[in-house]
K.L.:
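Quick one: this structure, given as structure tokens, is what I'll be asking you about.
Read the numbers this way: they start at 1 and go in the same order the structure lists the ligands and their atoms.
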Amino acid sequence: MTFTIAIDGPAAAGKGTVGRLLAARFGFAHLDTGLLYRATGRRTLDGIDAVEAARTLERADLEAPDLRTPEVGQAASRVAAIPEVRQALIDFQRAFASRSGGAVLDGRDIGTVICPEAEVKLYVTATDDVRAARRLTELTGVGHDITYQEVLQDLRLRDARDSARSAAPLKPAEDAILLDTSLLTIEQAVAAAIAEVERVQRG
Ligand code: DC
């Protein structure tokens, strides 16, 4: 059985958390596609050409310890605007999506470009303030010295770049269900997502 859940949305909206918990609930595999771009961006900070970095990405690159930093996030957003970088990462993502047993992928272009035929498409959003506050808690929780204003600026810069690029820009698929998590707890957001998957499964 293949069944694909595509989750897109701006930075720090809760896509990863919703994706991980949905995957656990349904016994599906989960791929955070942002990690592919972060690992590619991370390698460019070591001086490797972006397209070369994407084409030669290895599993160990996805396990680098500092992929979640704002600096690597910005590098990821920059390399993600390069069509050849995106092209180099398509096959891996599509193969993951079509594995048997079901898959959840979260990113920016899953419902629009990577898996336009996904059975379920969610577009997860939250206000800038809520996203910045959540990301600040995450980052300071693992010891980063960063202010709310810096986090807010970082998210806005990435969202603007990710939305304005011509290659697979961040936008909801026409048939995506919008899930605004601004006023929701994690449990409520996941419950809403589960309800949508079950609605589709019932046919
Ligand atoms: O989801 P994230 O914040 O870890 O993603 C980091 C950057 O990678 C994001 O700013 C844009 C890019 N990205 C993308 O262009 N397409 C995806 N499917 C996932 C991430």
K.L.:
Around atom 8 (O) of ligand 1, find the nearest protein heavy atom and jot down its residue, atom name and distance.
P.N.:
Y37 CB, 3.4 Å
K.L.:
What part of R38, side chain, backbone, both or neither, has a heavy atom within less than 4.0 angstrom of ligand 1?
P.N.:
side chain
K.L.:
When you measure from atom 12 (C) of ligand 1 to every protein heavy atom, which one gives the shortest distance, and what is it?
P.N.:
A80 CB, 3.7 Å
K.L.:
Has ligand 1 got any nitrogen or oxygen that is less than 3.5 angstrom from a nitrogen or oxygen of T33?
P.N.:
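Between T33 and ligand 1 (N or O atoms, distance only) the closest approach is under 3.5 Å.
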K.L.:
Heavy-atom distances under 4.0 Å are what count here, so tell me which part of R78 touches ligand 1: side chain, backbone, both or neither.
P.N.:
neither
K.L.:
Answer yes or no: are there more than 12 heavy-atom neighbours, outside Q188 itself, under 6.0 Å from its atom CD?
P.N.:
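For Q188, atom CD is crowded (more than 12 foreign heavy atoms under 6.0 Å).
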K.L.:
Please determine whether any non-hydrogen atom of R165 lies less than 4.0 Å from an atom of ligand 1.
P.N.:
yes
K.L.:
Using a 4.5 Å cut-off between side-chain heavy atoms of Ile, Leu, Val, Met, Phe, Trp and Tyr, which other residues end up in the same hydrophobic cluster as L21?
P.N.:
M1, F3, I5, I7, V18, L22, F26, F28, V104, V120, L122, V124, I177, L179, L184, I186, V190, I194, V197, V200
K.L.:
Among all protein heavy atoms, pick the one closest to atom 11 (C) of ligand 1 and tell me residue, atom and distance.
P.N.:
D162 OD2, 3.2 Å
K.L.:
Is there a donor in the side chain of R134 and an acceptor in the side chain of T181, or the other way round, less than 3.5 Å apart?
P.N.:
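T181 and R134 do have a side-chain donor-acceptor pair below 3.5 Å.
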K.L.:
Donor-acceptor pair, distance only, cut-off 3.5 Å: does the side chain of R86 make one with the backbone of A81?
P.N.:
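No; judged by distance alone, with no hydrogens or angles, the pair does not exist.
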K.L.:
Which residue owns the protein heavy atom closest to atom 3 (O) of ligand 1, what's the atom, and how far is it?
P.N.:
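Residue, atom and distance for the closest contact: R158 NH1, 2.8 Å.
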K.L.:
Does ligand 1 come near enough to R86 that some N or O of the ligand is less than 3.5 Å from an N or O of the residue?
P.N.:
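Yes, there is a polar N/O contact under 3.5 Å.
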K.L.:
For atom 7 (C) of ligand 1, what's the nearest protein heavy atom and its distance?
P.N.:
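Of every protein heavy atom, A76 CB, 3.7 Å lies nearest to atom 7 (C) of ligand 1.
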K.L.:
Mark yes when over 12 heavy atoms from residues, nucleotides or ligands other than E71 sit less than 6.0 Å from its CD; otherwise mark no.
P.N.:
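No, not enclosed.
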K.L.:
Is any side-chain heavy atom of R43 closer than 4.5 Å to a side-chain heavy atom of T40?
P.N.:
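Heavy-atom side-chain distance check fails, nothing below 4.5 Å.
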K.L.:
If you measure every N/O of R68 against every N/O of ligand 1, is any gap under 3.5 Å?
P.N.:
no
K.L.:
For ligand 1, does R108 get within less than 4.0 Å through its side chain, its backbone, both, or neither, judged by non-hydrogen atoms?
P.N.:
both
K.L.:
Atoms of ligand 1 less than 4.0 Å from G107 heavy atoms?
P.N.:
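Going through ligand 1 atom by atom, the ones under 4.0 Å from G107 are 17 (C), 18 (N), 19 (C).
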K.L.:
For the backbone of R108 and the side chain of K15, can you confirm whether one donor and one acceptor N or O come within less than 3.5 Å of each other?
P.N.:
no
K.L.:
Hydrogens and angles aside, do D129 and T127 bring a side-chain donor and acceptor to less than 3.5 Å of each other?
P.N.:
no
K.L.:
I need the full list of ring pair (Phe, Tyr, Trp, His ring centres under 6.0 Å) pairs touching residues 73-126, with sequence neighbours left out, sorted by first then second residue.
P.N.:
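As it turns out, there is no ring pair (Phe, Tyr, Trp, His ring centres under 6.0 Å) pair with a partner in residues 73-126 once direct neighbours are skipped.
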K.L.:
Does any N or O of ligand 1 fall below 3.5 Å from an N or O anywhere on Q93, backbone included?
P.N.:
no
